[in-house]
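For clarity, every value in this text was computed on a predicted model and none was experimentally measured.
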2 protein chains.
Amino acid sequence: MTALLAIRDAARLSGLSAKMIRHYEGIGLILEPQRTQARYRQYSARDVHEMGFIRRARDLGFSIEDIRHLLGLWRDRSRGSAEVKAIALNTIAALDEKAASLAAMSRSLKRLAATCHGDERPDCPILDALEGAPGDG
Amino acid sequence: MTALLAIRDAARLSGLSAKMIRHYEGIGLILEPQRTQARYRQYSARDVHEMGFIRRARDLGFSIEDIRHLLGLWRDRSRGSAEVKAIALNTIAALDEKAASLAAMSRSLKRLAATCHGDERPDCPILDALEGAPGDG
DNA sequence: TATGGGTCTCCCATCATGGGAAGGTCAAGG
DNA sequence: CCTTGACCTTCCCATGATGGGAGACCCATA
């Protein structure tokens with residue numbers, strides 16, 4: 001039971017790509033698995049479980065270093081939840097900051113696009129703004 | 001007047017870094033400038049103007065390829081504004097999509113963090129979710 | 001002329017991910 | 001037994017924007 005899985009099956013079950021699994025192993029995020037005599041990687045259900053953890057963490061926007069940290073906390077049954085929550089709050093702040101930055105760019109661009117007639121005439125407030133026109137910066 | 005500028009001064013005036021200026025030249029975004037006999041790059045006010053265009057476009061979230069395209073349109077006095085506006089609208093859509101994705105991650109994480117007491121107790125809904133608990137996906 | 005600072009090119013690193021080449025392995029079928 | 005096709009291995013390169021640094025060169029000023 002719980003036969004060992006080839007990398008392709010571990011990838012399919014965890015939602016990571018085989019490329020990513022090898023990469024995460026290379027940077028020490030995933031432990032080196034057993035190998036067959038032909039050096040094929042073999043993963044246990046536990047390994048795949050850990051890969052799922054990593055994928056979900058990535059989906060939530062955690063950085064690799066945060067995930068490294070979270071994995072350590074996950075394995076440590078005696079840790080308090082304070083540190084985990086602190087990492088999550090940090091990540092939330094980083095995500096919000098990035099989202100706000102993108103939204104600000106989008107807003108500026110929308111303002112410019114709204115006043116650009118977008119036809120065959122050459123005058124264009126978008127290019128004017130890029131040119132450095134002192135208009136509505 | 002309008003003496004030629006060394007790369008450092010072009011960088012200062014345009015808001016790009018000297019590294020970036022060389023890089024943009026390497027990828028063909030910026031034309032190769034004049035050189036002194038010692039092969040030092042020398043930029044005209046016009047060159048710096050173009051660098052400013054590039055920096056502002058980047059600040060607005062345009063991709064390098066979009067900027068390449070916009071520069072061509074900018075130089076072409078006879079082009080209509082339709083194409084420029086189309087590029088802008090595309091970029092707006094891409095920015096909004098990225099921002100929405102980050103915001104969604106942030107929202108999920110906030111929901112999890114809200115129910116994590118964040119103290120010395122080990123139970124933690126954040127880790128539970130990463131573990132793959134079938135709770136609130 | 002010596003010194004400090006600017007510049008040159010080239011290489012490497014980030015971050016996450018994919019593509020691809022060259023070669024080894026394995027299972028199934030002829 | 002051998003071929004075929006699918007899979008695996010490692011290694012290198014690319015993205016996109018940017019920085020860091022090495023080693024060599026140039027120039028102005030004290």
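When rounded to the nearest whole Å, the span between NE2 of B:His23 and P of D:dT18 equals 8 Å. In this structure, A:Met105 atom CE and D:dA17 atom P are separated by 11 Å, rounded to whole Å. Per the geometry, CD belonging to B:Gln42 stands 13 Å off C1' belonging to D:dC27, to the nearest Å. We find that NZ of B:Lys19 is positioned 9 Å from P of D:dG19, with the value rounded to whole Å. Rounded to whole angstrom, the span from the CZ atom of B:Arg22 across to the P atom of D:dG21 amounts to 15 Å. Summarising the geometry, the separation between CG on B:Leu16 and C1' on D:dA17 is reported as 11 Å, rounded to the nearest angstrom. Atom-to-atom, CG of A:Leu4 to P of D:dC8 comes out at 14 Å; the value is rounded to the nearest Å.
Of all non-hydrogen atoms in B:Tyr43 and B:Ala10, the two that sit nearest each other are CD1-CB, 3.7 Å.
For the segment residues 25-41 of chain A, the set of residues with a heavy atom within less than 4.0 Å of an atom of DNA chain C comprises A:Ala38, A:Tyr40, in numerical order. Heavy-atom distances under 4.0 Å link DNA chain C to B:Ala6, B:Ile7, B:Arg8 of residues 6-14 of chain B, given in residue order. Contacts between residues 95-103 of chain B and DNA chain D, counted as heavy-atom distances below 4.0 Å, involve no residue at all.
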task: Any chance you could lay out the side-chain contact (heavy atoms from CB on, under 4.5 Å) test for A:Met105 and A:Ser108, step after step, and finish with the verdict?
output: CA-CA 5 Å; A:Met105 292 193 282; A:Ser108 300; 5.9 Å; no

message: Please evaluate residues B:Arg58 and B:Ile64 with respect to the criterion side-chain contact (heavy atoms from CB on, under 4.5 Å), reporting the C-alpha separation (whole Å), side-chain torsions for both, the decisive distance (0.1 Å), and the verdict.
response: CA-CA 8 Å; B:Arg58 281 233 54 82; B:Ile64 292 290; 3.9 Å; yes

message: As a quick check of understanding, evaluate side-chain contact (heavy atoms from CB on, under 4.5 Å) for B:His69 and B:Glu83, giving each step before the final call.
response: CA-CA 10 Å; B:His69 198 163; B:Glu83 206 169 346; 2.8 Å; yes

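Terminal axes of the helix from C:dT1-D:dA30 to C:dG30-D:dC1 (five pairs each, C1' rotation axis) are separated by 40°, to the nearest 10°.
Here A:Arg121 pairs with A:Asp119 under the side-chain hydrogen bond (donor to acceptor under 3.5 Å, both in side chains) rule; sequence neighbours left out. Evaluation of the side-chain hydrogen bond (donor to acceptor under 3.5 Å, both in side chains) rule for A:Arg79 yields no partner, not counting sequence neighbours. Listed by chain and residue number, nothing satisfies the side-chain hydrogen bond (donor to acceptor under 3.5 Å, both in side chains) test with B:Arg46 (two or more places apart in sequence, or in another chain). Under the rule for a salt bridge (charged side-chain N to carboxylate O under 4.0 Å, His left out), the partners of A:Arg68 that lie at least two apart in sequence or sit in another chain are A:Glu65.
Between A:His49 and A:Trp74, the ring planes lie perpendicular to each other; the angle is over 60°, past the 30° to 60° tilted range.
Listed by first then second residue, pairs satisfying side chain to side chain donor-acceptor pair (under 3.5 Å) with a partner in residues 7-35 of chain B read B:Asp9-B:Arg12, B:Glu25-B:Arg41, not counting sequence neighbours.
For the residue pair A:Ser81/B:Asp123, the side-chain donor-acceptor check at 3.5 Å is not satisfied.
The distance from atom CD1 of A:Ile30 to atom CG of A:Leu16, rounded to the nearest 0.5 Å, is 6.0 Å. The distance from atom CD1 of A:Ile67 to atom CZ of A:Phe53, rounded to the nearest 0.5 Å, is 8.0 Å.
Between B:Ser44 and B:Leu4 the shortest side-chain heavy-atom distance falls below 4.5 Å. The shortest distance between side-chain heavy atoms of B:Glu50 and A:Glu131 does not fall below 4.5 Å.
Side-chain N or O atoms of B:Asn90 include none that pairs as donor or acceptor with a backbone N or O of B:Ile87 at under 3.5 Å.
Using a 4.0 Å heavy-atom distance criterion, B:Arg58 is classed as a sugar-phosphate-only contact.
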Could you list, one pair per line, each protein nitrogen or oxygen that sits under 3.5 Å from a nitrogen or oxygen of nucleotides 28-30 of chain D, together with the distance?
none

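The outermost nucleotides of DNA chain C lying under 4.0 Å from heavy atoms of chain B, listed 5' to 3', are C:dG6 to C:dC10.
The residue among B:Tyr24 and A:Ala18 whose nearest nucleotide of DNA chain D is located toward the 5' end is A:Ala18.
Hydrophobic clustering keeps B:Leu31 apart from B:Ile21 (ILVMFWY residues linked when any side-chain heavy atoms are closer than 4.5 Å, directly or through intermediates).
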Output side-chain donor-acceptor pairs under 3.5 Å for residues 92-101 of chain A, partner residues at least two apart or in another chain, one line each.
{"residue": "A:Asp96", "atom": "OD1", "partner": "B:Ser106", "partner atom": "OG", "Å": "2.6"}
{"residue": "A:Asp96", "atom": "OD2", "partner": "B:Lys110", "partner atom": "NZ", "Å": "3.0"}

